Student: 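Please find one structure pasted underneath; my questions will follow.
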There are 2 protein chains.
Amino acid sequence: MIDRYLLRYFLAVIDHGNFSRAAEQCNVSQPTLSVGIAKLERMLGRPLFHRTNRRVELTPAGAHFAVHARRIEAEFNLAEAAVAGQRGRRTVRLGVLATISTALVAQFASVPGDADEQVELVEGRERDLLDRLARGRIDAALTILRPDNDRYAREALWQEGYGLALPASHRLAGEEMIAAEALADNVMIVRRHCEVLAETSHHFTTRGVRPFFAARTTNDDRALALVAAGMGVTVMPDRHAAPGVVRVPLAGFDHVRRIGLLFATHADPADLGRTVTLAAVRRAAAA
Amino acid sequence: MIDRYLLRYFLAVIDHGNFSRAAEQCNVSQPTLSVGIAKLERMLGRPLFHRTNRRVELTPAGAHFAVHARRIEAEFNLAEAAVAGQRGRRTVRLGVLATISTALVAQFASVPGDADEQVELVEGRERDLLDRLARGRIDAALTILRPDNDRYAREALWQEGYGLALPASHRLAGEEMIAAEALADNVMIVRRHCEVLAETSHHFTTRGVRPFFAARTTNDDRALALVAAGMGVTVMPDRHAAPGVVRVPLAGFDHVRRIGLLFATHADPADLGRTVTLAAVRRAAAA
DNA sequence: CCATATCATAGACGGTATCTATGATAGACC
DNA sequence: GGTCTATCATAGATACCGTCTATGATATGG
């Protein structure tokens, strides 16, 4: 059966007049395109190109085939556009990193009622979201961007450091910056799925500070509430905030996380990017 | 990118109103089709079907998409037909088992000059031909049909046994049938790539007959020539014949080989089957 | 005759379409 | 209400094949 990718190779060769540049346009290597054309010719039982060393040109059979190939490609595009422009609620499934501030998530948790769209939020840790992306269970993920992961199309949104969260009543609440040593006899709250948990632990222990852990939670809102209640302090990303909680930088702790969108391979980033849901995500990120 | 196979799944579901029978028509399992439709829906960002337990029906988006899907499928078929009906020499690459009689092969070695076709014969052993089929280097193979190999579409042509080939001057040349024991002190010629070589050897040794091997060749025509020259006798498929060579059955040796065409997966058996080349193969087989 | 540009071939790798096996759900029937 | 049957969905393993890198073949130009 003739597959669509073969038509694209074929049309690219026609448009560029040579295999190498056609391959480049198709984002494949030249040999890949070469075997692709050969396969197409085998399936049709006839050569589609005359290969001379300096150029390739269509055979008569190739010329006839090209007419249909172009029509098919055009029709595929029309088909996608027809459904994209279609009325009827579209569901955008968005994975959200669990350590992203609830206040921020709340800003795009629901879309306006007049939009033909609904959001489905899936909370998870970094690894969970990547798994879901790979399996196609979500359309995009709002998560940490790692330079070494180039499997997915991405859109950077913001970056933030980590700092201390203290009760407003804390004796150090007014400081510009706090050193780890100043917290020697403090009570701390552990955010168990924090992505820099190991680094945080290391930061304190190498400075001889071994605080008592009054609570361990995977829920950042609970951690904030406990801080506000005066139970202890914690380290968390800068954008987390709550009434009664003061944020102060931690001296020498300069980790930064880059947050943005990763798009599932099944999704068209341009199309998905135009949804009101992702527009709301961008607005919330910029605020 | 939406692939063609997904459209076929989609159209099959519409035509049958249920996934299971659609899968059957597409020659895939029901789960395969299920994930295929799911993938298509993810790519388009919208469900294409309403699933109730008793039936599936198109959503509005699905109905719009269906129009384009049908048009695309039709255009694919037109494209193939356009090239198939095209003038210009078409090359049919036919693998031929080396142990098939030269006289038979000669009958389809060339096609009439007025046909828009040329043949390219590739000789090889059974294994070679299967390799070439798998790699798409030949369009079809005239070879042994094994029941356990269902990788390729097939067309049975004939079957033949194996028997002795004797010089016309041989003392047993007039017999109706010859037993292995009667050949005890005969000289034999070994056809080295015979597919039943092991069985032949076994047949003689278990009967206490250990003849002298005067020649070992991979060329059946040479083997026949040596037999005609009176050098010795050999065992070969029944359809091998030459002047001065008499064929007599070998008692108790009832192996049979079934010969036919295997079609490469890239080829459309129906289309390829209509070529004058394969018509000539059929005529030669029937003669 | 070497340098350059072209397409073809070979062997290895990885992704994914596919499989079998199983689950989930709901209507039909007694 | 249970059980049967028909439906689609999910999970994990498998195998094919599209893709890669590396190399070859072939012609053209300086």
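Keep in mind the model is a prediction, meaning the values are calculated, not measured. Here is the naming used below: chain letters follow the sequence lines, and residue numbers restart at 1 for every chain. Keep in mind that the numbers below use all heavy atoms, side chains included, and drop hydrogens, waters and symmetry copies.
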Student: Quick one: which of C/dC7, D/dT10, D/dT7 gets closest to the side chain of A/Val56?
Tutor: C/dC7
Student: Over how many whole Å does the gap from B/Arg8 atom CZ to C/dT18 atom P extend?
Tutor: 12 Å
Student: May I have the distance from B/Arg51 (atom CZ) to D/dA6 (atom C1'), rounded to whole angstrom?
Tutor: 16 Å
Student: Under 4.0 Å between a side-chain N/O of B/Ser20 and OP1 or OP2 of D/dA6, yes or no?
Tutor: no
Student: In whole angstrom, what separates B/Arg21's CZ from D/dA6's P?
Tutor: 11 Å
Student: With ring pair (Phe, Tyr, Trp, His ring centres under 6.0 Å) as the test, would you mind laying out the steps for A/Phe49 and A/Phe10 before giving the verdict?
Tutor: CA-CA 10 Å; A/Phe49 294 104; A/Phe10 174 64; 5.5 Å; yes
Student: Please report, rounded to the nearest Å, how far the C1' atom of D/dG12 is from the CG atom of A/Asp131.
Tutor: 14 Å
Student: Do A/Leu97 and A/Glu126 come close enough that some side-chain heavy atom pair is under 4.5 Å?
Tutor: yes
Student: Atom NZ of B/Lys39 and atom CG of B/Asp3: how far apart are they, to the nearest 0.5 Å?
Tutor: 7.0 Å
Student: Return the value, rounded to whole Å, for the distance between atom CD of B/Glu41 and atom C1' of D/dC8.
Tutor: 12 Å
Student: For B/Phe19 and D/dC8, what is the distance between atoms CZ and C1' respectively, to the nearest whole Å?
Tutor: 7 Å
Student: Classify the side-chain pair A/Glu75/B/His68 by whether it contains a donor and acceptor separated by less than 3.5 Å.
Tutor: yes
Student: Roughly how many Å is it from CZ in B/Arg132 to P in C/dA10, rounded to a whole number?
Tutor: 10 Å
Student: Do A/Arg4's NZ or CZ and the ring of A/Phe76 fall within the cation-pi criteria of under 6.0 Å and 45°?
Tutor: yes
Student: For residues B/Phe65 and B/Leu44, determine if any side-chain heavy atom of one lies less than 4.5 Å from a side-chain heavy atom of the other.
Tutor: yes
Student: Please tell me if the side chains of B/Leu145 and B/Leu261 come closer than 4.5 Å, counting only heavy atoms from C-beta onward.
Tutor: no
Student: Check the distance between D/dT7's P and B/Ile37's CD1 and give it to me in whole angstrom.
Tutor: 16 Å
Student: N/O contacts under 3.5 Å, protein versus nucleotides 26-28 of chain D?
Tutor:
unit_1	atom_1	unit_2	atom_2	d
D/dT26	O2	A/Asn53	ND2	3.0
D/dA27	O4'	A/Asn53	ND2	3.0

Student: What protein N or O atoms touch nucleotides 17-21 of chain D N or O atoms at under 3.5 angstrom, if any, and at what distances?
Tutor:
unit_1	atom_1	unit_2	atom_2	d
D/dG18	OP1	A/Lys39	NZ	3.3
D/dG18	OP2	A/Tyr5	OH	3.3
D/dG18	OP2	A/Lys39	NZ	2.6
D/dG18	O5'	A/Tyr5	OH	3.0
D/dT19	OP1	A/Tyr9	OH	3.1
D/dT19	OP2	A/Tyr9	OH	2.5
D/dC20	OP2	A/Ser29	N	2.6
D/dC20	OP2	A/Ser29	OG	2.9
D/dC20	OP2	A/Thr32	OG1	2.7

Student: A/Glu123: which residues meet the salt bridge (Lys or Arg N to Asp or Glu O under 4.0 Å) condition with it, sequence neighbours left out?
Tutor: none
Student: How long is the straight-line distance from CG of A/Leu33 back to OH of A/Tyr5, given to the nearest 0.5 Å?
Tutor: 10.5 Å
Student: If you compare every side-chain N and O of A/Ser34 against the phosphate oxygens of C/dA8 (OP1, OP2), does one of them come in below 4.0 Å?
Tutor: yes
Student: Quick one: label A/Thr52 by what it contacts on the DNA or RNA (base, sugar-phosphate, nothing), any heavy atom closer than 4.0 Å.
Tutor: nothing
